[in-house]
Amino acid sequence: MDASVILFYVISVLLVLSSLMVVFLRNVVHCALALVVALFLIAILFVMLHAPMVGVLQVLVYAGAIMVLFLFVIMFLNPTASEPRRKLWWGFGSAAALLLAASLAALLSNGEAPADPVTATETFGSPETLAKSLFTDFVLPFEITSVLLLVAIIGAVVLAKREP
Amino acid sequence: MDHPYFPLLILFTLAGAVVLGLLFVAQKVGPKSPNPVKAEPFESGNPPRGDARIRFSVRFYLVAMLFLIFDLEVVFLYPWAILFRQLGLFGLIEMGIFLGILLIGFVYVWKKGALEWD
């Protein structure tokens, strides 16, 4: 087996384990830490897919900044460890998970390889390539992103800033 | 492994292994003699009152949220800086529009007093 395939399986197993820890650990702060581990492992997968820029952003933005917001929410809501299990939601979630697993199994057991697989080149997701397409072909979406961020700024201030 | 970022993975793995190894050795080898005074947060300070996990003010969340948004703005500046010379005046103008729209948001935040801590 190829070394990168072995590496992929090692990372995937660790990723599934840490994701399970996010769901099953009883202390929410431990769940958040397990989520950081999972996001880091996904970043490694991105880098392996020749998308280093996305991988770095995954660590910087998701594992860094967004996890801070998660921890803030945990501190606001201040959940106690003795939260009672909710039977209804437990069943609902399990049913949804089973449905998802069944549909995935149906898809994967289909076993038909894609007709025309394309191998990504080394520079496929490099910052240079990304910048070139972002600032020439996709100028309008890029500019609209700033409007999206502007809406997010105003929304955050309106929701969180209490008038004295 | 000829992936250009493979050395980085080795670095992270080694760093993690060293940290975990040191923690393990400290736990196994280090002497343990616990007593209640040692377990206090401040041995010669005030005795602690109440719980450490109090409810935080929503102002912290607003600051974190605004940091995140302007952090995402900076993310777009990195690829732009790489191609700055190739893009020339066109690149300068498009980034000017991008930053100009976000400047409106910054002025709004400022005028609204969201950066004040009153």
Side-chain angles (χ1 to χ4, degrees), chain A residues 2-4 7 11 29 40 44 47-48 50 52-53 55-57 60-61 64-66 68-69 71-80 122 126-136 139-140 142-164, chain B residues 1-6 8-9 12-13 16 51 53-76 78-84 86-87 90-91 93-95 97-106 108-116 118:
Chain A
D2 193 12
S4 66
L7 187 60
I11 287 170
V29 179
F40 253 95
I44 295 175
V47 173
M48 283 172 71
H50 299 296
M53 184 82 190
V56 169
L57 292 186
L60 274 183
V61 176
I66 289 181
V68 173
L69 288 188
L71 286 173
F72 267 117
V73 171
I74 290 171
M75 289 197 296
F76 291 137
L77 300 179
N78 214 358
T80 46
E122 202 108 307
S126 70
E128 290 89 357
T129 327
L130 193 117
K132 207 166 281 174
S133 60
L134 182 63
F135 295 116
T136 54
V139 177
L140 192 61
F142 164 67
E143 299 293 358
I144 291 173
T145 311
S146 69
V147 178
L148 185 69
L149 287 173
L150 179 64
V151 171
I153 292 171
I154 294 171
V157 172
V158 167
L159 285 177
K161 177 81 182 159
R162 221 171 290 160
E163 291 297 331
Chain B
M1 292 309 294
D2 52 352
H3 196 283
Y5 290 89
F6 189 60
L8 208 59
L9 183 67
F12 278 130
T13 315
D51 198 357
R53 296 180 69 174
I54 52 162
R55 219 173 254 264
F56 278 70
S57 168
V58 76
R59 284 176 195 151
F60 290 103
Y61 192 73
L62 181 61
V63 171
M65 195 75 193
L66 289 176
F67 159 74
L68 181 67
I69 293 163
F70 287 108
D71 192 33
L72 278 176
E73 172 193 339
V74 173
V75 156
F76 282 99
Y78 286 122
W80 177 72
I82 293 171
L83 270 196
F84 178 65
Q86 281 183 52
L87 288 166
F90 175 67
I93 291 169
E94 64 178 340
M95 190 47 89
I97 296 170
F98 181 81
L99 290 182
I101 293 171
L102 282 164
L103 198 65
I104 299 170
F106 182 62
Y108 174 79
V109 169
W110 197 346
K111 288 283 168 210
K112 206 75 176 155
L115 300 175
E116 310 286 331
D118 48 14

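The figures that follow rest on heavy atoms only: side chains count, while hydrogens, waters and symmetry mates do not. Order of the sequence lines sets the chain letters (A, B, ...), proteins ahead of strands, with each chain counted from 1.
Contact annotation for A/Phe142: both backbone and side-chain heavy atoms come within less than 4.5 Å of a heavy atom of chain B. Interface residue B/Ile101: backbone and side-chain heavy atoms are both found under 4.5 Å from chain A. For A/Ile44, the part lying under 4.5 angstrom from a heavy atom of chain B is the side chain only. For A/Leu134, the part lying near chain B is the side chain, with the backbone staying farther off; criterion is any non-hydrogen pair under 4.5 Å. Using a 4.5 Å cut-off between heavy atoms, B/Leu9 contacts chain A through its side chain alone, with no backbone atom that close. Interface residue A/Met48: only backbone heavy atoms are found under 4.5 Å from chain B.
Here B/Val75 pairs with A/Leu57, A/Val61 under the side-chain contact (heavy atoms from CB on, under 4.5 Å) rule; sequence neighbours left out.
Ranked by heavy-atom pairs under 4.5 Å with chain B, the list A/Leu159, A/Ile154, A/Ile66 is led by A/Ile154. Most heavy-atom pairs under 4.5 Å with chain B: of the set A/Thr145, A/Val151, A/Leu60, this distinction falls to A/Thr145. Ranked by heavy-atom pairs under 4.5 Å with chain A, the first of B/Ile82, B/Asp71, B/Leu8 is B/Ile82.
Counting all heavy atoms, side chain and backbone alike, B/Glu94 lies closest to A/Glu143 at O-OE2, 2.8 Å. Scanning both residues, A/Pro127 and B/Pro79, for their nearest heavy atoms gives O-CB, 4.4 Å.
Ring-plane geometry between B/Trp80 and B/Phe84 is classed as perpendicular, the angle between the planes exceeding 60 degrees on a 0 to 90 degree scale with a lower cut at 30.
In this structure, B/Leu83 CG and A/Ser133 OG are separated by 9.5 Å, a value rounded to the nearest 0.5 Å.
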Donor-acceptor pairs under 3.5 Å, side chain of residues 60-70 of chain B to any protein atom, not counting sequence neighbours: which ones?
none

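Heavy-atom neighbours of B/Tyr78 OH from other residues, nucleotides or ligands within 6.0 Å: at or below the threshold of 12.
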